[in-house]
Amino acid sequence: MIKRAMVAMITLCTALLVTLPVHANDLDRFAGLSGDLKIAGGTAHIPVVKEAAKRIMTLNPNIRITIAGGGSGAGIKQVGEGLIDIGNSGRRPSSKEIGTYGLALHKWAIDGVAVVVNPANAVTALTKDQLGRIFSGEITNWKELGGNDRGINLYTRDESSGTRSVFWKKALNKGDIALSANFVVSNGAMKTAVANDPSAIGYMSAGFVDQRLTPVVLDGVTPDAASIRNGSYKVARGLFSNTRGEASGLSRQFIDFLLSDQGQAIVKEKGFIPVK
Amino acid sequence: MSALVCCLLVLLILGFMIVTGLPLFGQSQAMDLLTGAWSPRNNLYGIAPMILGTLWISLLSVTISFPMSLGCAAYISVLGGHKKATVMKGCVQMMTGIPTIIYGFVGVFLLVPLIRETAGRGSGMCILSASLVLAVLIAPTMILFFIQSFDRVPRSWLDAVDALGGSRVQKLVYVVLPACVKGIVTGTVLSFGRALGDTLVALMIAGNAVQTPNSLLDSARTLTSHIALVSAADFESMEFKSIFLCGAVLYLITAVVILGARLIEKRGNHE
Amino acid sequence: MNRWGEKAVYALSVISCMMLFGSVATLLCYLLIKGLPALNLGLIFGSTPVGDALLLKRQVFDGIFPAMAGTLALILLAITIAVPLGLLAGIYMAEYSGRFTRNVFGFLFDLLSGIPSIVVGLFGFSAILFLHHHVSEALVPSLLVSALSLAFLVLPYIVKTTQMALETVPRQTRVTGLALGATKLQNIVFCLIPESFSTILGGIILAVGRCAEDTAVIMLTGAVASAGLPNSLFKGFEALPFYIYYISSQYADQAELNQGFGACIVLLLICATLFILAAIIQRKVKHTLLYRH
């Protein structure tokens with residue numbers, strides 16, 4: 001046991017030693033910098049941004065990064081109004097938004113929007129047509145889809161969500177979402193809600209999917225890294241970090257870090273698809 | 001002096017709300033917003049479902065809480081023994097100090113699954129769950145109000161009952177309760193105001209759907225959660241105007257509630 | 001009323017007591033069972049060594065230390081703003097105001113104490129947004145904005161406690177100073193305030209508890225999910241109740257959820273301590289001060 005642990009430790013240390021120089025280089029850009037960076041918006045981005053912030057602030061305590069959610073719409077509006085430095089969005093900002101606020105877009109990951117159900121649910125594959133009818137409130141019982149005799153509980157996000165807008169356009173073909181749907185405030189909250197409710201169905205960032213819930217096979221395609229990367233899973237989007245005007249100062253460095261080798265490694269580690 | 005400053009601040013809030021909300025009323029949109037549905041995609045920003053949700057949840061919670069509080073208050077100040085009553089009163093006072101967020105947190109993980117399994121349908125995030133938690137949340141305040149009003153019953157009346165050989169229950173039913181009707185009404189009205197203004201419990205437990213609720217197991221959104229949920233960053237957007245209207249409606253209802261409570265209390269004093 | 005009626009009334013009242021106390025006891029037990037295992041230094045400091053965290057050498061990332069520090073900073077600020085204002089207003093209400101002004105202002109303070117806290121938050125948010133647009137781009141939702149809004153929220157408590165404390169000073173004490181030739185101001189400062197000091201202090205501590213537990217105000221005015229220790233008035237901050245709210249809806253794994261339960265217990269302990277402190281100081285807590293959310 002102890003021996004095995006030792007071996008593991010040594011392997012880990014070696015791995016760290018080997019990879020450390022590379023990583024150090026990517027973080028070097030923050031040496032000697034100081035100041036504040038306010039990030040808010042898209043909630044799919046949070047795990048990656050949080051990890052990046054942690055590494056940066058550990059290396060350089062003079063930099064302070066605050067992270068908040070709110071959804072893509074809020075991120076775009078707030079960065080446009082100058083309330084924050086970087087506004088994340090899980091969808092491409094509309095040309096109107098780009099024009100009004102003079103936004104600069106930085107896409108650093110690709111992500112799918114997966115339809116998710118509780119692991120206790122027997123239904124694990126749906127067609128887009130069925131999905132549309134579930135979300136419009138036409139199908140109200142899992143029995144009609146070959147599952148248990150339980151009512152379907154819909155979970156959705158508010159209009160500010162980029163995940164919602166991508167899902168609505170690409171999976172529901174702009175169909176209605178029933179008014180009876182419960183609202184949750186973020187990707188994380190969607191995960192919690194669906195994982196706790198046996199008759200739930202919802203949609204969320206594919207990067208957030210773990211063993212606590214089941215991703216639904218949509219039209220025969222499973223939403224995983226491979227299918228999203230090669231484009232066979234259609235309900236996908238980029239993860240953007242937007243700045244008002246061209247990014248400069250800390251914002252510039254932060255975005256460059258996300259696009260660096262180490263940044264992209266974090267992206268991959270957190271379940272998203274790197275753009276490089 | 002500073003009292004003036006504070007009062008000015010109150011008026012400032014009100015004025016601010018009116019000024020910002022004014023464009024709404026000018027365009028005769030106000031009625032549409034008050035009575036319409038919420039669907040930003042179709043340019044509908046009505047808050048009617050939220051007003052209904054608020055009323056459902058707060059009325060139900062007061063309905064649940066009222067008998068419970070009355071019973072507790074009666075036990076503490078009339079029916080129970082002195083020693084037991086003192087301890088219980090202390091506990092009730094402590095309960096008012098439990099943070100709202102804790103009620104919400106436990107509600108999410110304990111009550112919601114329970115309601116879901118018991119009801120057999122719905123997600124468990126519904127009007128009923130939120131009202132139950134709110135009922136427990138407002139009960140201590142209501143009880144303390146009731147006790148306060150029970151304690152104002154003149155000592156001599158109570159002694160008279162004892163002298164006539166009346167039991168404690170008779171004392172409660174024939175003397176204390178009739179003498180305290182106004183106090184009870186005031187306490188209930190103020191607790192209603194408190195249930196109305198609570199944000200976290202409804203936000204975490206009621207499900208936040210924007211439908212007009214039809215049953216206790218329906219998910220619903222309150223005005224307060226709506227303000228918390230709709231993020232807006234500029235004055236011009238309709239979302240912002242809409243949450244401002246929510247704020248104004250809440251403000252108005254609160255003002256009416258407090259004015260009502262004060263009027264009842266005043267009338268009581270004159271008699 | 002017959003025997004059975006009497007018994008029924010008695011039984012109903014006992015049942016209602018049991019219902020209320022039962023549900024609160026269930027709540028607390030559930031919290032304790034779930035949260036106690038998480039209650040350790042790791043909950044507060046994460047993986048950072050305790051000494052380093054306390055000496056601010058290293059930042060804490062996985063613990064609730066920054067949230068606790070944020071809450072502390074928030075309380076201190078809000079109370080520093082609210083206490084002098086509230087005290088002065090209370091003195092004015094009790095000693096200087098006429099019948100008419102007392103009535104009108106009394107109503108306004110009641111109204112203020114009845115405003116839902118989320119509306120106060122909305123006001124704070126709108127005000128800072130207004131300033132951001134028209135005064136300076138640097139003004140954004142931050143610790144200061146939250147503290148100001150919170151101060152506003154607890155102001156009516158403090159005013160009312162002060163007013164009531166002063167009004168209940170016995171007449172004899174009240175006139176003694178004046179009879180000895182003290183001016184009205186001297187009488188207030190040297191006689192009345194010291195006499196009612198414990199009641200006022202109790203009220204202030206209850207206001208502190210209110211600041212510690214409030215979530216609705218700060219979620220609109222500057223609380224964020226991750227910010228580190230607070231170091232500036234003009235930046236976002238973390239706070240304990242907001243952390244609990246955040247965890248409740250988006251915990252990533254069981255460990256994080258347990259941390260949420262742990263954080264609940266910490267918050268409960270803080271609030272209970274403050275409450276008991278207030279009760280001891282005041283001996284008799286005036287519950288009317290607590291009406292408000």
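In the text below, chain A, chain B and the rest are named by the order of the sequence lines, each starting its count at 1.
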- Result of checking A:Asn182, A:Asp197, A:Asn196 against B:Ser123 for side chain to side chain donor-acceptor pair (under 3.5 Å):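 For B:Ser123, the side chain to side chain donor-acceptor pair (under 3.5 Å) test succeeds with only one of A:Asn182, A:Asp197, A:Asn196, which is A:Asn182.
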- Atom group of A:Ala200 that falls short of 4.5 Å from chain B, counting heavy atoms: neither
- Message: Between the side chains of A:Glu246 and A:Arg252, is the shortest nitrogen-to-carboxylate-oxygen separation below 4.0 Å, so that they form an ion pair?
- Response: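 Yes, A:Arg252 and A:Glu246 are salt-bridged.
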- Mutual orientation of the aromatic rings belonging to A:Phe167 and A:Tyr203 [parallel < 30°, tilted 30-60°, perpendicular > 60°]: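 Because their plane-to-plane angle is under 30°, the rings of A:Phe167 and A:Tyr203 count as parallel.
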- Query: Based on non-hydrogen pairs under 4.5 Å, which of A:Ser199, A:Gly80, A:Ser180 is most in contact with chain B?
  - Reply: A:Ser180
- Message: Salt bridge check, A:Arg133 against A:Asp129: does any charged N sit closer than 4.0 Å to a carboxylate O?
- Response: yes
- Task: Measure A:Asn141 against the heavy atoms of chain B and call it side chain, backbone, both or neither at under 4.5 Å.
- Result: neither
